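What follows is one structure encoded as structure tokens, with my remarks underneath.
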Amino acid sequence: MKEEDLKIYSDGVVNYFKQFAESKVVLNAPALKSDNFTFFDYSAIIGISGAVKGGIYITVSTAMLDDLIVAMGMGAPDDSLRRDMIGEVANNISGNAGDKFSGEFKISVPIVVTGKDHNIQLPVKIPAYAVPFEWKGHKSQFVVGTE
Amino acid sequence: MKIMIVDDSTIVRKVIERYLAITQVEIVAHASNGVEAIEMFKQHMPDIVTLDITMPEMDGIEALSKMLEIKPDAKIIMISALSSKDTVVKAINLGASGYLIKPVAAHQLTDKINKILEAKSERRRFKDLLRRRS
């Protein structure tokens, strides 16, 4: 994966959080995903197929999802809304990348994983890159592994 | 004018519903996948549909074709995170009346809805005029 490809997904994160005028997202430097990668409470995975193959996932804390749900005007957060919310964030970040690649770009519906010590391995033989980011002081990360 | 909201995200359906509150449309149904959407479409025969693409069971592209087979003059607005040109062109070629890329701002959707309503009203005025002249 090229550096400019990673930027496409980073731009997707910035674009998604633009709708919340009161707080900007802060992206930190990307790095190769290491074995001691930190998963937060909820993660959502999207498979990518077509001209680009691989996947992307995002992992965030319950507190961040609760703030996002409230910012969307959805009222009291619960597990179902948190799953919905993280799935939609992952869907936006991956889907928005489509116009930057030529050819067909397909994404799967999100798969949400929760619980203590969960782990995700993308089914690609190339290295995955992790991009830490913060929104309203909540730490989060997204990972991209495409070939 | 009757409208149906189709998206697999409860949050997105509620946000769209909130955006539509300031327009002159009546929300008659919601659906969370393409199969459910077709059933609800046949039941309510909405004039306008907001339709997501990436959904379980049946995606929005297939649902778009089926809805237009049932009611060719229905106005279907695709609302999807998928921004690839191939997908946009495919949806428009199949007969979608518009394509909005998520995250969608309220004014983007209301502008689109208002244009559809204006066009419909214009067609009605034109038909009335023709009827009076004949």
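Bear in mind the structure is a predicted one, so any value in this text is a computation, not a measurement. Values below: every heavy atom of this structure, side chains too, minus hydrogens, waters and symmetry copies. Below, chain A is the first sequence line, B the second, and so on; all start at residue 1.
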Test of understanding: clusters of I, L, V, M, F, W, Y form through side-chain heavy atoms closer than 4.5 Å, transitively. Do [X] and [Y] belong to the same one?
X	Y	answer
M58(B)	M67(B)	yes
L20(B)	M45(B)	yes
V88(B)	L94(B)	yes
I116(B)	I22(B)	no
I113(B)	I92(B)	yes

Of all of [options], which one pairs up most often with chain B through heavy atoms under 4.5 Å apart?
options	result
I93(A), D99(A), I69(A)	D99(A)
G87(A), G12(A), G103(A)	G103(A)
V109(A), N96(A), I107(A)	N96(A)
K100(A), K18(A), M74(A)	M74(A)

### Task
Could you tell me which of V12(B), I11(B), T54(B) has the largest number of non-hydrogen atom pairs under 4.5 Å with chain A?
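With the most close heavy-atom pairs to chain A, the winner is I11(B).
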
### Task
Output the option from R18(B), K85(B), K14(B) having the highest count of non-hydrogen pairs under 4.5 Å with chain A.
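Of R18(B), K85(B), K14(B), R18(B) has the most heavy-atom pairs under 4.5 Å with chain A.
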
#### Entry: Close side-chain approach of N15(A) to P103(B), heavy-atom, < 4.5 Å
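The answer is yes; the side chains approach within 4.5 Å.
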
### V104(B) vs Q19(A) side-chain heavy atoms within contact, under 4.5 Å
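They are not in contact (no side-chain heavy atoms under 4.5 Å apart), so the answer is no.
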
Within a radius of less than 6.0 Å around [atom1] of [X], do more than 12 heavy atoms belonging to other residues, nucleotides or ligands occur?
X	atom1	answer
Q24(B)	CD	no
K2(B)	NZ	yes
K66(B)	NZ	no

### Task
With sequence neighbours excluded, give me every salt bridge (Lys or Arg N to Asp or Glu O under 4.0 Å) pair touching residues 71-87 of chain A.
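Non-adjacent pairs meeting salt bridge (Lys or Arg N to Asp or Glu O under 4.0 Å): D66(A)-R82(A), D79(A)-R83(A).
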
Mind checking the [atom1]-[atom2] spacing from [X] to [Y]? Nearest 0.5 Å is all I need.
X	Y	atom1	atom2	value
N91(A)	S80(B)	CG	OG	6.5 Å
K90(B)	E104(A)	NZ	CD	6.5 Å
K106(A)	S84(B)	NZ	OG	10.0 Å

### Message
Is S80(A) close to chain B through its backbone or its side chain, or both, or neither, when contacts mean heavy atoms under 4.5 Å?
### Response
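The answer is neither part of S80(A).
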
### Query
Shortest non-hydrogen contact from S83(B) to G98(A)?
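Between these two residues, the closest heavy atoms are OG-N, 3.6 Å.
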
#### Entry: Which atoms of L82(B) approach chain A - backbone, side chain, both or neither, heavy atom under 4.5 Å
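Contact with chain A involves both backbone and side-chain atoms of L82(B).
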
